[in-house]
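Comments concern the structure below.
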Amino acid sequence: MMAAEKFIVLPYRKVRGGVAPGEMRQASSAASAEKIATAMSGRFPGVAAYAVQVDEETGDMSSPRLLIKFGETADLPSD
């Protein structure tokens with residue numbers, strides 16, 4: 001498996017019983033992911049930025065590492 005570290009930002013929206021992730025945005029670096037999450041934090045009930053390992057052959061993401069979060073978020077599965 002050829003893995004690469006990628007950076008993603010997930011906004012969360014309110015749903016009955018909690019929050020659900022919205023459309024994922026990719027960032028070019030950890031600093032960029034944190035900046036995007038900060039900018040989005042006023043428009044969503046929750047926003048989180050993660051570093052994840054992506055299998056370059058399949059596109060599968062694993063080993064999420066939280067960089068920054070604002071508001072109400074949900075845990076990502078870790079493998």
Side-chain angles (χ1 to χ4, degrees):
M1 173 173 102
M2 190 72 161
E5 186 170 57
K6 303 285 182 174
F7 305 96
I8 61 170
V9 179
L10 279 176
Y12 288 84
R13 63 186 194 292
K14 286 278 188 190
V15 295
R16 188 179 333 185
V19 293
E23 187 174 333
M24 177 178 51
R25 291 188 55 181
Q26 192 167 337
S28 58
S29 66
S32 177
E34 291 179 17
K35 187 175 181 178
I36 292 168
T38 301
M40 294 174 74
S41 66
R43 300 189 318 261
F44 294 92
V47 179
Y50 299 92
V52 295
Q53 294 297 313
V54 177
D55 181 321
E56 294 183 332
E57 292 180 12
T58 65
D60 292 338
M61 289 188 278
S62 64
S63 306
R65 179 172 51 89
L66 182 65
L67 301 173
I68 193 169
K69 80 173 199 166
F70 298 92
E72 191 175 353
T73 63
D75 292 333
L76 288 183
S78 59
D79 295 339

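Keep in mind that what you see is a predicted model, and the values were worked out from it rather than measured.
Residues Val9 and Met40 meet the side-chain proximity criterion, which asks for heavy atoms closer than 4.5 Å.
Of all heavy-atom pairs spanning Ala49 and Ala37, the tightest one is CB-CB, 4.1 Å. For Leu66 against Ala48, the heavy-atom pair with the smallest separation is CD1-CB, 4.0 Å.
Here CZ of Phe7 is found 8.5 Å from OG of Ser28. Values are rounded to the nearest 0.5 Å. Rounding to the nearest 0.5 Å gives a distance of 5.0 Å between CE of Met61 and CD1 of Ile8. For the atom pair CG (Leu67) and CD (Glu34), the distance works out to 5.5 Å, reported to the nearest 0.5 Å. Gln26 contributes atom CD, which lies 9.5 Å from atom CD1 of Ile36 (distance to the nearest 0.5 angstrom). The structure places CD of Gln53 at 10.5 Å from NZ of Lys6, a figure rounded to the nearest 0.5 Å.
The side chain to side chain donor-acceptor pair (under 3.5 Å) pairs that include a residue from residues 39-51 are Tyr12-Tyr50, where partners are two or more places apart or lie in different chains. Note on residues 64-73: pairs passing side chain to side chain donor-acceptor pair (under 3.5 Å), not counting sequence neighbours, are Glu5-Arg65, Lys14-Glu72.
Following chains of ILVMFWY side-chain contacts shorter than 4.5 Å, one cannot reach Phe70 starting from Met24, and the two form parts of different hydrophobic clusters.
Under the rule for a salt bridge (Lys or Arg N to Asp or Glu O under 4.0 Å), Arg13 has no partner lying at least two apart in sequence or in another chain.
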